[in-house]
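Residue numbers run from 1 in the order of the sequence given. Bear in mind that the values here come from a model prediction, so they are computed numbers and not experimental data.
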Amino acid sequence: MLKHREFVYDGEPVPELDEQENALFLMNVQKAILLSLEKRNLLTHRQYESCLSELEKQYKK
């Protein structure tokens, strides 16, 4: 079983993200996950493109 660990940020103040920047950040994280799955051959290129298309539709709303 994994131990629960707490992390404390000790650096500069964290910049405030507006709603659009937050959405863009989350979309980029999701794109990175999809790309990782494709690189590991857990998704085909066609599946990757399909998921990416759906993701972009979701964030254009």
Side-chain angles (χ1 to χ4, degrees):
M1 179 181 279
L2 294 176
K3 276 174 124 178
H4 176 73
R5 296 187 296 173
E6 290 189 32
F7 296 93
V8 177
Y9 179 71
D10 194 10
E12 297 177 16
V14 178
E16 293 291 324
L17 294 178
D18 64 25
E19 192 174 325
Q20 185 178 7
E21 289 174 320
N22 188 41
L24 184 60
F25 172 78
L26 291 175
M27 185 175 69
N28 284 331
V29 168
Q30 290 173 318
K31 283 181 179 181
I33 291 168
L34 289 174
L35 188 58
S36 174
L37 290 171
E38 182 192 18
K39 294 287 184 190
R40 294 171 50 203
N41 294 320
L42 297 173
L43 285 179
T44 65
H45 186 68
R46 179 99 170 125
Q47 289 171 322
Y48 166 78
E49 288 178 338
S50 177
C51 290
L52 192 57
S53 174
E54 288 299 317
L55 182 64
E56 288 172 347
K57 281 183 201 174
Q58 184 182 43
Y59 281 98
K60 285 184 182 178
K61 291 181 181 178

Who are the side-chain hydrogen bond (donor to acceptor under 3.5 Å, both in side chains) partners of S50, not counting sequence neighbours?
none

V8: which other cluster members, linking ILVMFWY side chains closer than 4.5 Å, directly or transitively?
none

Residues L34 and L55: closest non-hydrogen pair is CD1-CD2, 4.3 Å

Please list all pairs meeting side chain to side chain donor-acceptor pair (under 3.5 Å) that have one or both residues in residues 30-42, counting only residues at least two apart or in different chains.
Q30-Y59, E38-H45

Residue pairs passing the side chain to side chain donor-acceptor pair (under 3.5 Å) test where at least one lies in residues 10-21, sequence neighbours excluded
none

Taking side chain to side chain contact (heavy atoms under 4.5 Å, CB included) as the test, write out the residues that go with V14, two or more places apart.
Y9

Flag the pair L35 / Y48 as yes when at least one side-chain heavy-atom distance between them is below 4.5 Å, and no otherwise.
yes

